[in-house]
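So that the names make sense, note that chain A is the first sequence line, chain B the second, and so on, each numbered from 1.
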Amino acid sequence: MPEFQTSPGMRDILPPDSARWRRFQSVFAGVVESAGYGEIMPPLMEDLGVFQRIGDATDVVTKEMYDFDDKGGRHVALRPEQTASVCRAYAQHRPATPWKVFYAGPNFRYEKPQRGRYRQFDQVGIEVLGADDPYLDVEVISLGWEFYEKLGLERVQLLLNSLGEPEDRARYVDALEIYFRANLDGLTEQSRITLDKNPLRVLDSKREFDAELIAYAPRIAEFYSPDAAAHFDAVQQGLDDLAIPYTIDTKLVRGLDYYRHTTFEFVGLTLDSAQNALGGGGRYDGLVESLGGPPTPGIGFALGLDRTLLACDDEGVFAAPNTDVDVFVVDSTGGRQALRITAELRNAGLVCDRAFENRSMKSQMKAADRSGAAVAIIIGSNELDAGTVVVRPLRGAVDVNKQREVPRRDLISAVTKAVLLAVKEATA
RNA sequence: GUGGUCGUAGCUCAGCUGGUAGAGCAUCAGUUUGUGGUACUGAGGGUCGCGGGUUCGAGCCCCGUCGGUCACCCCA
């Protein structure tokens, strides 16, 4: 065992997984940029207070923050999510509205790690600040939906709910609390603790014992104001217009305190129920204000990379991209020729690799095969003397007769032709 | 944070009721003195997560600890 390993919940993303991650983020960027979203890259670390605005009833804020005093005595924290940073940035820079941004990058939460849950975890997401239009809710949700489609995922379910206006939500919370307090016998110990902290979250319990009481609990829909009901209706109509299927889930209350109106979650149906949330979001307000900005409505979502990739694995879609090279240069004269030839080929736009340490030709050919290259360039003392190189197709059966010796100056054109031919044969 | 479970070569794992460590794959080399996929031969590679204890003797038993994983919790 090596002396040092990654800390718990932290890991190295190695090739070819790293290429998959990068493609994941670029597919996401493609989807949201097509809708006019620009990337925001907030710092990894902010004043602790920025994140405390998320809500002091949440574990994310109270127990899971990576916070410390920096050398200047500032109490800072690694971001546990990015919505708060986006709102802080809005309050700080005051961009024109609606401000549509997306982000991609790591967040940090000090949790006990599990599969699909890490202390450093990547999310992609979008936020829109400064517009309170139900059709914006639909746009945001549809972009998440479209992203899953682009990845190739099919077993994804969209759960939808509305928490109403803040006053609706408050009245509902009161009613819930009264209901649960009158029926404490029907709640598990855990749920009673949750009830003290945040009655809404009792609805989230997946414990069987709680199920019956939750099933007969008051419904948020009974508390909607006319405006809230109209907003929610418009969102549903919009989703219908776009033929995006959704399931109303009145028990869907998001983890963080600042949500109101529309909330939604994307669930991976192939995943175990405890870890099946691929992403979620909703409409919020008060957050910008609490960070020193003007009252500003916001909506957004965040999608977790890890679980989404697990879902992709389950469905056999969005595999790691092929990282094979086009050409592999075999040089049995010591390596200097390979140095010059690879430089030439790369200049011409070809992806190529070579062997080092002057290994035997057989060994270099093996490396060429392993590299996945379509073509090998071989140069030995004969070719060096004759001013030629050997162009050898590598796909298919081993057959020395398929290779050609060409003048050194025809290298680029001969290789390009051979690579194209190999690609054509592969797709035929 | 609480509980269950696992931790042997780079990877996946085997190792009987305790008797001083094995396979497959991978790597390197050779069979083939200039040519890859298959085959054959050989080589390198392990303080059995770490630390204590019991024992004549521990990969195996006991305690602790670290890490993975699962459930709870929380959440993406």
Side-chain angles (χ1 to χ4, degrees), chain A residues 1-11 14 54 57-64 80-83 106-125 144 188-191 193-194 197-198 201 204-209 253-256 264-268 271-281 301-311 328 330-333 355 357 359-384 390-403 405:
Chain A
M1 275 294 146
E3 184 178 358
F4 292 111
Q5 296 183 59
T6 48
S7 298
M10 311 260 175
R11 63 249 212 263
L14 306 176
I54 295 168
T58 65
D59 282 9
V60 170
V61 169
T62 56
K63 296 197 291 202
E64 299 173 355
E81 50 121 59
Q82 294 188 240
T83 303
N107 304 310
F108 302 84
R109 289 180 196 174
Y110 196 90
E111 300 180 275
K112 186 146 183 181
Q114 267 179 46
R115 186 174 144 87
R117 178 216 271 189
Y118 302 92
R119 287 182 176 174
Q120 176 178 335
F121 62 99
D122 266 57
Q123 287 184 333
V124 297
T188 55
E189 183 65 32
Q190 289 288 356
S191 288
I193 294 170
T194 308
K197 291 192 297 190
N198 189 343
R201 299 206 56 77
D204 255 356
S205 165
K206 285 164 181 157
R207 290 171 287 271
E208 240 174 75
F209 185 79
V253 293
R254 308 244 63 241
L256 309 180
F264 56 94
E265 189 165 299
F266 297 104
V267 172
L271 268 45
D272 290 339
S273 65
Q275 317 270 335
N276 65 358
L278 301 178
F301 65 68
L303 316 179
L305 234 100
D306 296 294
R307 287 183 197 172
T308 305
L309 288 179
L310 288 176
F328 196 95
V330 171
D331 175 4
S332 64
T333 71
E357 301 182 311
R359 295 199 193 274
S360 70
M361 178 176 260
K362 183 186 179 72
S363 166
Q364 291 191 52
M365 285 304 294
K366 272 189 175 174
D369 186 52
R370 227 178 299 128
S371 77
V375 174
I377 301 302
I378 304 170
I379 182 158
S381 49
N382 295 346
E383 288 77 18
L384 189 56
V390 169
V391 177
R392 175 176 171 77
L394 288 178
R395 305 271 165 79
V398 176
D399 179 5
V400 187
N401 295 322
K402 290 201 317 200
Q403 69 186 36
E405 190 167 345

Q: Give me the distance, rounded to whole Å, that separates B/C75 from B/G44 when you measure between the C1' atoms they each carry.
A: 47 Å

Q: From C-beta outward on A/V60, which listed nucleotide comes closest to its side chain: B/C75, B/A71, B/C28?
A: B/C75

Q: Identify whether any heavy atom of A/Q403 sits under 4.0 Å from a base atom; if not, whether one sits that close to sugar-phosphate; answer base, sugar-phosphate or nothing.
A: base

Q: Please report the distance separating the C1' of B/G68 from the corresponding atom of B/U12, rounded so that it comes out in whole Å.
A: 16 Å

Q: Could you tell me which nucleotide pairs with B/G67 by Watson-Crick or G-U wobble geometry, both distances under 3.5 Å, or answer none if nothing does?
A: B/C6

Q: Take atom C1' in B/U65 and the same atom in B/A9, then report the distance between them in whole Å.
A: 24 Å

Q: A/F266: what forms a ring pair (Phe, Tyr, Trp, His ring centres under 6.0 Å) with it, not counting sequence neighbours?
A: A/Y148, A/F264

Q: Quick one: side-chain contact (heavy atoms from CB on, under 4.5 Å) partners of A/P8, sequence neighbours excluded?
A: A/P113, A/R119

Q: Test for a donor-acceptor pair under 3.5 Å between the base of B/A76 and the side chain of A/E111, counting only N and O atoms.
A: yes

Q: Looking only at atom C1', what distance separates B/G45 and B/C28, rounded to whole Å?
A: 11 Å

Q: Rounded off to whole Å, could you give me the CZ-to-P distance for the A/R117 and B/A71 pair?
A: 9 Å

Q: Got a second to check how far A/N107's CG is from A/T83's OG1, nearest 0.5 Å?
A: 9.0 Å

